[in-house]
Protein chains: 4
Amino acid sequence: MVSRGRPRDMQVDERVLRIAAALMLERGYAGLSIDEVAEQAGAAKTTLYRRWPTKDHLAVAVVARLQADDEIADTGDIRADLVNYLEKIAAGLNRMRAAGHRQGPSAGTVGELVAAAARHEDIGRLTREQYAERNALALALIERARVRGELRADLDAEALFDQMAGALYYRVMITGAPVDRAYAERLVSSALEGNLTCH
Amino acid sequence: MVSRGRPRDMQVDERVLRIAAALMLERGYAGLSIDEVAEQAGAAKTTLYRRWPTKDHLAVAVVARLQADDEIADTGDIRADLVNYLEKIAAGLNRMRAAGHRQGPSAGTVGELVAAAARHEDIGRLTREQYAERNALALALIERARVRGELRADLDAEALFDQMAGALYYRVMITGAPVDRAYAERLVSSALEGNLTCH
Amino acid sequence: MVSRGRPRDMQVDERVLRIAAALMLERGYAGLSIDEVAEQAGAAKTTLYRRWPTKDHLAVAVVARLQADDEIADTGDIRADLVNYLEKIAAGLNRMRAAGHRQGPSAGTVGELVAAAARHEDIGRLTREQYAERNALALALIERARVRGELRADLDAEALFDQMAGALYYRVMITGAPVDRAYAERLVSSALEGNLTCH
Amino acid sequence: MVSRGRPRDMQVDERVLRIAAALMLERGYAGLSIDEVAEQAGAAKTTLYRRWPTKDHLAVAVVARLQADDEIADTGDIRADLVNYLEKIAAGLNRMRAAGHRQGPSAGTVGELVAAAARHEDIGRLTREQYAERNALALALIERARVRGELRADLDAEALFDQMAGALYYRVMITGAPVDRAYAERLVSSALEGNLTCH
DNA sequence: AACTAAGCGAGACGGTACGTCCCGTCTTGAT
DNA sequence: ATCAAGACGGGACGTACCGTCTCGCTTAGTT
């Protein structure tokens, strides 16, 4: 089957995403309007809808782009590796925090994306898969540390990771507390060392 | 300051919140329409707007009401107390999960509320305060356990609590994984016992 | 039947009408808001509604007050008397012209009052009666001039007056053309002298 | 300039104006609701607002349409021509009289339009232009009669026309007196023949 | 002096419509 | 088949006033 008709203009994708990102960072999710993106990008709305079936889809694409492909390093020091990884996640979240609303404490955009994922089955599936992939790397990291004896043999890796990542999201979305390297270190310490008294 | 003018009709608040809750649980955040709530409640839109200046404000009020006043028990067994408390939080989140979107895994409504808190300074401040209050109780619980020697003397109570609560929110909003008593127990175990190998 | 209860405060009437007039002249009919008048007058809305059952009624009262009680002089010179009388009417209309809309050519307020008279049977009846009274004076003036031989014996006094007064209203409401003493003189000349060629 | 984008659907204009006219004639100006017109016309409110930026604009368009394009005949008999023309104007006004308010004597709708013209600069300009155009025809008619010797050489055509047209509007809007062919004849007689005694 | 009746300021209430915003779909003619 | 342009149906939002109502207080005349 040969491709027929006029080929898609890839520059449009680029322009649209760039402008959409600018709008979203400047005015937040609500300030991201398809009409305005189209106009500013000199593109037709139909052109946008051909690529992203929904404003939500476009927004997800925009955010996906903003988030660095957090590579995960394995130095053999699980504590340092975790801190570094958490810091990368935190950096991405803090970037969201700045979106719209002149740097409020809470990252509304993250909330909007959660909502978008709930509204559209495909977005939900997609983002869950992406998170699963990403988290699998972290779980593998933990697993290797366990195998080589740094961590307890019977640990609950999933719970451990949820605890640390979750705490970041919790602060960013709910309590509005800061999320930085210092906090990442506290988290890792608390999670790894345990909190019971030593017997 | 003396009260003047016709007093507000409290039954309106009651009726409106009840109907708004029903709408929101049945059809989700987007399905909560001020016009419809007003009509069904036999109230004028202006009456709603006198109480809640925005749909977002109403939605927050509705959810605040849905969440049981999670009392926190202190039995002296920190482990059990934490599990119980987390389970209560999980129950509230699971209730949100059911809202609209035919029981999707992710709680879109929670995301919407986070977004609302970011859109409106006052909502943000309010919800952060409420969370702070609620969390203070949990922190006090932990503190008492520390004092009586159940927990390490130098623990980071805040990090500890963020970890557990955050994990719940993370699952509900991000990964879509289940959140139940079993998971609460895993969380508490992981957080309290630590994950390093014993030296 | 003796008066019972607290007597009405006449100062309220005064204050309200003054403020309503100011609002109407400044911002036009639409800018006359019962809520605002009440607030500025330090009166309750109920107090206004006790006196004027409708915004329209208040507006009519305001305008009635603005229009000077055009006395009509009979000097024996019908031409001069008519010009003077028309000029008085024109002055009243020009005052309306200034209301709201930064001195537009057309007197919107007069139109609003016509509309109000159509909306409320009582206002309509009242204003028609007032006009009838006022016009009766002019008709009597014309009649006296006819009797003493200044005007044709078989003239149609009503048509004559309608022509002159009507032309003023027509300009003020419809064409927006100016209405001043010079125009009053042209009107009287045209109406009295006739326009056919002399045979 | 090439036409681009989807062309406007002229049938919408047609349908909307028809329905709006029906509503206005049946229930008067206040009974003309954009929401209702849109619904009955099966059009979106935005579609209406794209064409008429305001309810006032729509109302003016509706009325403009109701008024027959009064052609003006020139038979050489100025008296008859004027009577015929005035009768046409009267017919249009009487049609307005019936609008809403169960056939009141006063044409509230005409008043509303005058008010609308004062509220919106563009409407005012437009209607004044339309009246100017229409009146120019009548003035030309008068002028031709003057030239051919039917009327006085030094007559004031504008004043003459204002008198006759104005009298009609005056009755319709102010005194509520009837406006029919008989009255048109009285007007023309009075205006043409003059009212002074013959010397 | 107590009672009754109306007036009054304040402000909540039901109601109606407005004009706006934005979404996602469509129709057109040109590439 | 894609594109720019832009009209369209649809749905909700938040606003503005209207005219009515309920309060508690004030100001009289009546008993």
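Here is the naming used below: chain letters follow the sequence lines, and residue numbers restart at 1 for every chain.
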Legend entry - Sidechain N-carboxylate O distance under 4.0 Å for C/Glu39, C/Lys45: no

Legend entry - side-chain N/O D/Arg4 vs E/dT28 OP1/OP2, d < 4.0 Å: no

Inset, instruction - Would you kindly give the CZ-to-C1' distance between A/Arg119 and E/dC22, to the nearest whole Å? - result: 13 Å

Inset, instruction - Look at the side-chain N and O atoms of C/Thr54 and state whether any lies under 4.0 Å from the OP1 or OP2 oxygen of F/dG19. - result: yes

Inset, instruction - Verify the contact: side-chain N or O of B/Ser33 to OP1 or OP2 of F/dC13, cut-off strictly under 4.0 Å; return yes or no. - result: yes

Legend entry - Closest heavy-atom pair and its distance - D/Arg51, D/Pro53: O-CD, 3.9 Å

Legend entry - Between P of E/dC23 and CD of A/Glu112, the distance in whole Å: 12 Å

Inset, instruction - Send over the distance from B/Arg50 CZ to E/dG15 P, rounded to a whole Å. - result: 13 Å

Legend entry - Euclidean distance, atom CD of residue D/Glu39 to atom P of F/dG11 [Å, nearest integer]: 10 Å

Inset, instruction - Answer with base, sugar-phosphate or nothing: what part of the nucleic acid does C/Ala43 contact at a heavy-atom distance below 4.0 Å? - result: sugar-phosphate

Inset, instruction - Specify the residue among A/Thr46 and C/Thr46 whose closest nucleotide of DNA chain F lies further upstream toward the 5′ end. - result: A/Thr46

Legend entry - Within-4.5 Å side-chain heavy-atom neighbours: B/Val114 and B/Thr127: no

Inset, instruction - Using a 4.0 Å heavy-atom cut-off across all strands, classify C/Leu58 as base, sugar-phosphate, or nothing. - result: nothing

Legend entry - Atom-to-atom span, CD1 of C/Ile34 to P of E/dG11 - whole angstrom: 18 Å

Inset, instruction - Check whether any side-chain nitrogen or oxygen of D/Arg6 sits under 4.0 Å from OP1 or OP2 of F/dC8, and answer yes or no. - result: no

Inset, instruction - Round to the nearest Å and state the distance from D/Lys55 atom NZ to E/dT20 atom P. - result: 15 Å

Legend entry - Closest approach of D/Gly31 to D/Leu23 (non-hydrogen atoms, all atoms of both residues): O-CD2, 4.0 Å

Legend entry - Euclidean distance, atom OH of residue A/Tyr49 to atom P of F/dG6 [Å, nearest integer]: 17 Å

Legend entry - Residue-phosphate contact under 4.0 Å: B/Arg8 side-chain N/O, E/dG11 OP1/OP2: no

Inset, instruction - Salt-bridge test for C/Lys55 and C/Glu112: reply yes if a basic N is under 4.0 Å from a carboxylate O, no otherwise. - result: no

Inset, instruction - On DNA chain E, check which nucleotide each of C/Thr47 and A/Lys45 is closest to and give me the residue with the more 5' one. - result: C/Thr47

Inset, instruction - Under 4.0 Å between any heavy atoms, over every strand shown, what does C/Leu48 touch: base, sugar-phosphate, or nothing? Just pick one. - result: nothing

Inset, instruction - Report yes if at least one side-chain N or O of A/Arg51 is closer than 4.0 Å to OP1 or OP2 of F/dC3; otherwise report no. - result: yes

Inset, instruction - For D/Asp35 and E/dG15, give me the distance from atom CG to atom C1', rounded to whole Å. - result: 14 Å

Legend entry - Least distance between heavy atoms, D/Ala43 atom then D/Leu48 atom: CB-CD2, 4.3 Å

Legend entry - B/Pro53 or A/Asp9, whichever maps to the more 5' nucleotide of DNA chain F: A/Asp9

Legend entry - Closest-nucleotide ordering on DNA chain E, the 5'-leading residue of B/Ala44 and C/Val12: C/Val12

